[in-house]
Amino acid sequence: MFGQERPNVIILMPDDVSHGVFTYYNPDSKSKTPNIDRLAESSVRLTDFHVSPSCAPTRAATLTGRSNSVSGIWHTIAGRSLLRNDEITIADVFKYNGYATGMVGKWHLGDNYPFRPKDRGFEYVAWTKGGGVGQQPDYWGNMHHDAHYWVNDSLVEMTDEDDGMKGAFVTNSMFNRSFEFMEANQKENKPFFLYFPTAAAHSPWPKAPGDARDGITAKVATVENIDKNVGRLIKFLDEKGLADNTILIFFTDNGSGEFMYRGGKISFYDGGTRVPSYVRWPAGGLGGEGNGRDVTALTSHMDWLPTLMDMIGLDDVSDRPGNLKMHGQSFKDFLDTNPSNDPGPEFKDRKVTICNMRKENFQKYRNLSVKKDDWQGNSIAHKWRLTRSGASSDWELWDVLADKAQTKDLSKDPANSAIIAELVQAYEDWYELVAERENEYARIVIGHPAEPMTQLNSHDFHNQELWNHKIVADGKTGSGYLAVEFAKPGTYHFDLRRWPQEVEDQSTLTTAPKGKVYDGKSVPKAIDIASARIKIWNGEDVYDEKKTAEEGADGVPFTIENLPAGPAFVQTWFYNRSGDMEGAVYYNYVRPTMSAKRAVK
């Protein structure tokens, strides 16, 4: 079935779109998506494919082949979007097998060492930071039509490139970087793995791309721009002779609004988790013109890594610990038309548990769905969904094969008691895995040679949500703590700031840079910052100091000596002249230093 020469692999994952915007599923969609429609028509389509209901959780499960909640990712902020540093990624596996590895787009699994894409197996990286364009860690003022981003370790200002697309737009620019990565490796005759989660069409949409049709909204135009770039990608693969032996995988990162299914983004019903997914690999017998078909079995984001390993014959990394076993399963045997290629009873009996926690601390029974196919021979008789919204709510049972909109709760029918008990037990077994490490922090490492200067971000605050440029521009008041680890003992310099370093020539602690940010409407405001406080602790060892801000300064500096190596917590505050909290230390720049001030105990 599959080709002998190792194929290239592309995972393309648009953000915050799903069935309803693609005309392949919805002819009445306001967006016109002919290129994605043609890709769907010429691919193997996974019609019951599930992801997590929001951004970072889907990324974590896709990259590890493991439940995102078990790997510590169940939110998009608050330190719960940082992928634990012992997790093994899909890039680690491909790199181990001799592939060039590239990541282009929206990472959303941590912006500091050891969480950055270059720390997680990716050799080429072009990325925006935080959870999307214009979120707090991202370059100040970034919007889809006007942005800076990082290519490897270099900051790049987006321009209107000679790419056949009108105007500068993040999606256009990132596709250009992906073409460069692929072409460079083709010249080296090296197989490549490209992971490409786009930043679009995540909100906000302050301005339509330059190629927009008249009379449509910026969001609709952004979706159409993704489609045009998918067309560019397919053309690129064709013209470079890469199309036949490239496994092209397409799926979106969460549901995005009620269409065929109940719920949308952040919903634990199918409208939040069930998304389009296609795979095309002509040389391997998958898709191609006139060869599109449907696979109806239950599949998920966790399955792609083990499936690709099975399809291509990749070895796992040699040192995978037993506690990092993959939860996904290969569905390779569903991808061809030979009915004798049965995946076996283990796959057919599988249960897939997905939740939408969206809280800093994990809450058992919150917003969950346990999914299972009921096979009778080679046919699926039921597609079960067991759902629950919280510890004080009842279980619900749905058969989405007969009721795809989940309108008829079957939990009260005695005939279903056995399947309910089976799915409840599956959830309890899954939660045991989550509970083993649910109280563990993913710690940002400070003072490591891999990141000489660490930018601590309010996006990652625990117990406080300050996550985008609008919040910074408005000067919203708050304070949270950050879980860190000092790589070595010694003296560290902390520079507590309201604004990021890239606008220090335009602002001070008490003045604001010009312009509009985030949604194209938010104007940065000046606030009254008179003093700052920093607290660093681990158990009974505490450093706690308050300092007056100097007039006209960009930040309030603290130099602290004799900080021990190892885990700690850092919390910061700004105060006004009345002594009340004012704004927040949205940015805190930390580095080891030779200067000294003795830490008090």
Identify the heavy atoms of [X] and [Y] that sit nearest to each other, and give their distance.
{"X": "Asn68", "Y": "Ser52", "answer": "OD1-OG, 2.7 Å"}
{"X": "Gly478", "Y": "Ala584", "answer": "O-CB, 3.2 Å"}
{"X": "Pro137", "Y": "Asn457", "answer": "CB-ND2, 3.7 Å"}
{"X": "Ala199", "Y": "Val133", "answer": "CB-CG2, 3.8 Å"}
{"X": "Ser54", "Y": "Thr76", "answer": "OG-CG2, 3.8 Å"}
{"X": "Arg213", "Y": "Lys30", "answer": "NH2-O, 3.4 Å"}

Nearest 0.5 Å, please: how far is [atom2] in [Y] from [atom1] in [X]?
{"X": "Met13", "Y": "Tyr195", "atom1": "CE", "atom2": "OH", "result": "3.5 Å"}
{"X": "Glu451", "Y": "Tyr113", "atom1": "CD", "atom2": "OH", "result": "10.0 Å"}
{"X": "Asp227", "Y": "Ile36", "atom1": "CG", "atom2": "CD1", "result": "4.5 Å"}
{"X": "Ser178", "Y": "Ile10", "atom1": "OG", "atom2": "CD1", "result": "7.5 Å"}
{"X": "Glu360", "Y": "Phe461", "atom1": "CD", "atom2": "CZ", "result": "12.0 Å"}
{"X": "Arg45", "Y": "Tyr24", "atom1": "CZ", "atom2": "OH", "result": "3.5 Å"}

With a 4.5 Å cut-off on side-chain heavy atoms, are [Y] and [X] touching?
{"X": "Glu465", "Y": "Ile77", "result": "yes"}
{"X": "Leu466", "Y": "Lys476", "result": "yes"}
{"X": "Asp138", "Y": "Trp150", "result": "yes"}
{"X": "Leu242", "Y": "Leu237", "result": "yes"}
{"X": "Asn356", "Y": "Thr273", "result": "no"}
{"X": "Arg280", "Y": "Leu39", "result": "yes"}
{"X": "Lys106", "Y": "Arg59", "result": "yes"}
{"X": "Glu123", "Y": "Asn152", "result": "no"}

Tell me whether the centres of the aromatic rings in [X] and [Y] are closer together than 6.0 Å.
{"X": "Phe236", "Y": "Phe179", "value": "yes"}
{"X": "Phe251", "Y": "Phe49", "value": "yes"}
{"X": "His469", "Y": "Trp140", "value": "yes"}

side-chain hydrogen bond (donor to acceptor under 3.5 Å, both in side chains) between Tyr149 and Ser173, intermediate numbers included: CA-CA 10 Å; Tyr149 59 86; Ser173 194; 2.6 Å; yes
Without swapping roles, check the side chain of [X] against the backbone of [Y] for a donor-acceptor pair under 3.5 Å.
{"X": "Ser277", "Y": "Leu46", "answer": "no"}
{"X": "Trp107", "Y": "Gly110", "answer": "yes"}
{"X": "Thr307", "Y": "Phe331", "answer": "yes"}
{"X": "Trp467", "Y": "Ser458", "answer": "no"}
{"X": "Thr101", "Y": "Gly121", "answer": "yes"}
{"X": "Ser31", "Y": "Thr33", "answer": "no"}
{"X": "Asp15", "Y": "Ala200", "answer": "no"}
{"X": "Thr23", "Y": "Lys32", "answer": "no"}
{"X": "Asn367", "Y": "Cys355", "answer": "no"}
{"X": "His108", "Y": "Ser81", "answer": "no"}

Leu83/Ile73 under side chain to side chain contact (heavy atoms under 4.5 Å, CB included): CA gap, chis, key distance, verdict: CA-CA 7 Å; Leu83 184 64; Ile73 307 289; 4.2 Å; yes
Describe, in one word, how the ring planes of Phe175 and Phe196 are oriented to each other, choosing from parallel (under 30°), tilted (30 to 60°) and perpendicular (over 60°).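 Judged by the thresholds at 30° and 60°, the geometry between Phe175 and Phe196 is tilted.
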Classify the ring geometry between Tyr589 and Tyr587 as parallel (under 30°), tilted (30 to 60°) or perpendicular (over 60°).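 Correct class here is parallel.
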Is the count of non-hydrogen atoms from other residues, nucleotides or ligands lying under 6.0 Å from Asp505 atom CG greater than 12?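 Counting neighbours around CG of Asp505, more than 12 heavy atoms of other residues, nucleotides or ligands fall under 6.0 Å, so yes.
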Are there over 12 heavy-atom neighbours, none belonging to Asp162, within less than 6.0 Å of that residue's CG?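 No, not enclosed.
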Sidechain N-carboxylate O distance under 4.0 Å for [X], [Y]:
{"X": "Arg120", "Y": "Asp92", "value": "no"}
{"X": "Lys207", "Y": "Asp146", "value": "no"}
{"X": "Asp16", "Y": "Lys219", "value": "no"}
{"X": "Glu180", "Y": "Arg177", "value": "yes"}

Just to verify, which of Arg262, Arg385, Lys383 counts as forming a salt bridge (charged side-chain N to carboxylate O under 4.0 Å, His left out) with Asp270?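 Of the listed options, the one satisfying the test is Arg385.
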With distance as the sole criterion, is a donor-acceptor pair present between the side chains of Trp281 and Asn245 under 3.5 Å?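 The criterion, which ignores hydrogens and geometry beyond distance, is satisfied for Asn245 and Trp281.
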Could you please spell out the steps behind the side chain to side chain contact (heavy atoms under 4.5 Å, CB included) verdict for Gln136 and Asn468? CA-CA 4 Å; Gln136 181 270 330; Asn468 65 45; 5.6 Å; no
Kindly indicate, with the supporting measurements, whether the criterion side chain to side chain contact (heavy atoms under 4.5 Å, CB included) is fulfilled by Val279 and Ser43. CA-CA 5 Å; Val279 57; Ser43 297; 6.0 Å; no
For Asn291, side chain to side chain contact (heavy atoms under 4.5 Å, CB included) partners two or more places apart: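 With neighbours one apart ignored, the set is empty.
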Below 3.5 Å, can you tabulate the donor-acceptor pairs from side chains in residues 163-172 to any protein atom, sequence neighbours excluded?
{"residue": "Asp163", "atom": "OD1", "partner": "Met165", "partner atom": "N", "Å": "2.9"}
{"residue": "Asp163", "atom": "OD2", "partner": "Asn176", "partner atom": "ND2", "Å": "2.8"}
{"residue": "Asn172", "atom": "OD1", "partner": "Asn225", "partner atom": "ND2", "Å": "3.0"}
{"residue": "Asn172", "atom": "OD1", "partner": "Asn229", "partner atom": "ND2", "Å": "2.9"}
{"residue": "Asn172", "atom": "ND2", "partner": "Gly167", "partner atom": "O", "Å": "3.4"}

Show your working on ring pair (Phe, Tyr, Trp, His ring centres under 6.0 Å) between Tyr99 and Phe193 and close with a plain yes or no. CA-CA 6 Å; Tyr99 275 71; Phe193 167 68; 7.8 Å; no
Apply side chain to side chain contact (heavy atoms under 4.5 Å, CB included) to the pair Val17 and Phe22, showing each step before the final yes or no. CA-CA 9 Å; Val17 289; Phe22 302 133; 3.9 Å; yes
Just to verify, what does Arg84 make a side-chain hydrogen bond (donor to acceptor under 3.5 Å, both in side chains) with, not counting sequence neighbours?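 For Arg84, no residue satisfies side-chain hydrogen bond (donor to acceptor under 3.5 Å, both in side chains) once neighbours in sequence are set aside.
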